[in-house]
Amino acid sequence: MDNCIKRYFIITYGCQMNIHESEKIAGILTSMGYTLAENEKTADIVVFNTCCIRENAEDRAEGNIGALKKLKKQNKNLIIAVGGCMTQQPNFAISLLSKFPFIDIIFGTHNLENFKELLTKKLSQKKTLIEVIETDGCIYEGTPKKRTSYPNAWVNIMYGCNNFCTYCIVPYVRGRERSRKKQDIINECKDLIKQGYKEITLLGQNVNSYGNDLEDGSNFADLIKEIANIDGKFRLRFMTNHPKDFTDEMIYAIASNDKICKCVHLPVQSGSSKVLDLMNRHYDREYYINRLDKLKEVIPNCAVTTDIMVGFPQETDDDFLDTISLVKYADFNGAFTFVYSRRNGTVASEMQGQIEETVSQKRIMTLIDLQNEINRKQSDKYVGKTVEILCEDFDSKKNCYMGRDEFGKMVYFTSDKNLIGEFVMTKITKTGGMSLMGELID
Ligand code: 5AD
Ligand code: SF4
């Protein structure tokens, strides 16, 4: 190995937002002359991009940081940097350092764009560098990115969240909502299409409130229409929608252009109006159903995916049954299911009536079984159909290519030719539960 070449390795936890932020860290490191290492053992710098939305994500990150102690002993020059949401919690950096004194850099979500300066500073000093800033008003443009998910490209349209759902730590660690300027987003998208990206996924904690903080009247419905009008064949996706802001205008905007995927991620969280109120979600069961009905009225084949939580404080068996009945009604095309995780500093963590883990576990298993059954039935209906797939990757375990249709359904198929990044037609031959097997059609 050439000793002059410095190598980096990034370990990412959590959501798409974090995956994209790791692409920015990789971009900054690349601009400094670093190249990607095969794994942490061959790296000169290991960056942990953490998530604190649930306790298990934090536990995993801490376990993996701890595991690097041995590596650090063998290689004194190894730099270990920990960033992301976890470090942004009050007093967290200090407690992390007391557990893992061998960490070199601790940085927050708001310092990401300054990572080059942080690393340069650290390389000239011995002691640990802690830089976690509280301000959250900045939007940085022009941060280099080393994208890792071709043919999809992630594009931030806004940062932060104003909603303060009572269970959620995100508003505390990511600050208030701030939108990028429309023209900056459009320019980035145009550039990505020119570079050959075939799918753009717009990212924000609540994309529907895009533009509320801008003075030029920009809003999300107009933004997606404008992006979809960029020349070229590509798919446009976005996440996450908040049902409270999911207006008729949004629905008509989705319907207005074929490039906008008819696939909406609309987290419901619970089917019980009582629980939704305790969660501070600003809608009730009836309102959510009304949004679903309107969406299906305008776009009958629209896929809807969701996030659902069980075991929120004071959730009774009847509340849970409300969730079950809503899931049956909605016929969701996919659901991320979570057991409520008590997060320090949130309103819900102080609520009476925290639910026993055993009760939550039972509820989540029931929910997962139901959703799997729903997805299996949906898969069965695909058999014999011809669908257009954007080929995303080669699955070396299954020894075949995989891609998705516009509704997000995954299809595996074989091909002699590398088709990654191409739109292909496949005929669905059989189902594999959640995913499908297909044959290429010329
Ligand atoms: N516990 C469990 N799940 C949570 N989520 C957010 N906060 C928590 C928490 N404290 C889930 C929500 C959200 C998704 C991104 O993570 O369902 O939509
Ligand atoms: Fe968290 Fe609610 Fe904001 Fe989503 S909308 S990030 S769940 S506070």
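Both backbone and side-chain heavy atoms feed into the values below; hydrogens, waters and symmetry mates do not. Atoms within a ligand are numbered from 1 in the order they appear, just like the ligands themselves.
- Using a 4.5 Å heavy-atom cutoff, the side chains of Y13 and I11 are in contact.
- No side-chain donor-acceptor contact under 3.5 Å links S379 and T431.
- The protein non-hydrogen atom at the shortest distance from atom 10 (N) of ligand 1 is S341 O, 2.8 Å.
- Inclusion of R343 in the set of residues having an N or O under 3.5 Å from an N or O of ligand 1 is not warranted.
- Using a 4.0 Å cut-off between charged nitrogen and carboxylate oxygen, R180 and E188 count as a salt-bridge pair.
- Around atom 1 (Fe) of ligand 2, protein N, O or S atoms at less than 2.8 Å number 1.
- With a heavy-atom cut-off of 4.0 Å, V339 touches ligand 1 through its backbone alone.
- Inspection of the E226 and Q183 side chains reveals no N or O donor paired with an N or O acceptor under 3.5 Å.
- For a threshold of 3.5 Å applied to N or O pairs, the pair formed by Y340 and ligand 1 contains no separation below that value.
- The pair R237-E199 meets the salt-bridge criterion, since a charged nitrogen lies less than 4.0 angstrom from a carboxylate oxygen.
- Heavy-atom proximity to H242, at under 4.0 Å, picks out these atoms of ligand 2: 5 (S).
- The nearest protein atom to atom 4 (C) of ligand 1, hydrogens excluded, is given as R54 NH1, 3.4 Å; this is a heavy-atom distance.
- Residue Q269 holds the heavy atom nearest to atom 17 (O) of ligand 1 of all those in Q205, Q269, M309.
- Electrostatic pairing of D216 and K182 does not count as a salt bridge here, judged by no charged N lying under 4.0 Å from a carboxylate O.
- Heavy atoms from other residues, nucleotides or ligands lying under 6.0 Å from NZ of K381 number 12 at most.
- Classification of the F338-F336 ring pair by plane angle, with boundaries at 30° and 60°, yields parallel.
- Note on ligand 2: R281 sits in its first shell, one or more heavy atoms being nearer than 4.0 Å.
- Put simply, CG on L214 and CG on N219 are 10.5 Å apart, with the number rounded to the nearest 0.5 Å.
- Nearest non-hydrogen protein atom to atom 15 (C) of ligand 1 is D307 OD2, 3.7 Å.
- Within the 4.0 Å heavy-atom cutoff, T346 does not count among the residues contacting ligand 1.
- A cation-pi geometry, defined here as NZ or CZ lying under 6.0 Å from the six-membered ring centre and within 45° of its normal, does not hold between K409 and F407.
- With hydrogens left out, the protein atom closest to atom 7 (N) of ligand 1 is Y167 CD1, 3.3 Å, a heavy atom.
- Ion pair E117/K121 not flagged as a salt bridge, since none of the NZ, NE, NH1 or NH2 atoms sits closer than 4.0 Å to an Asp/Glu carboxylate oxygen.
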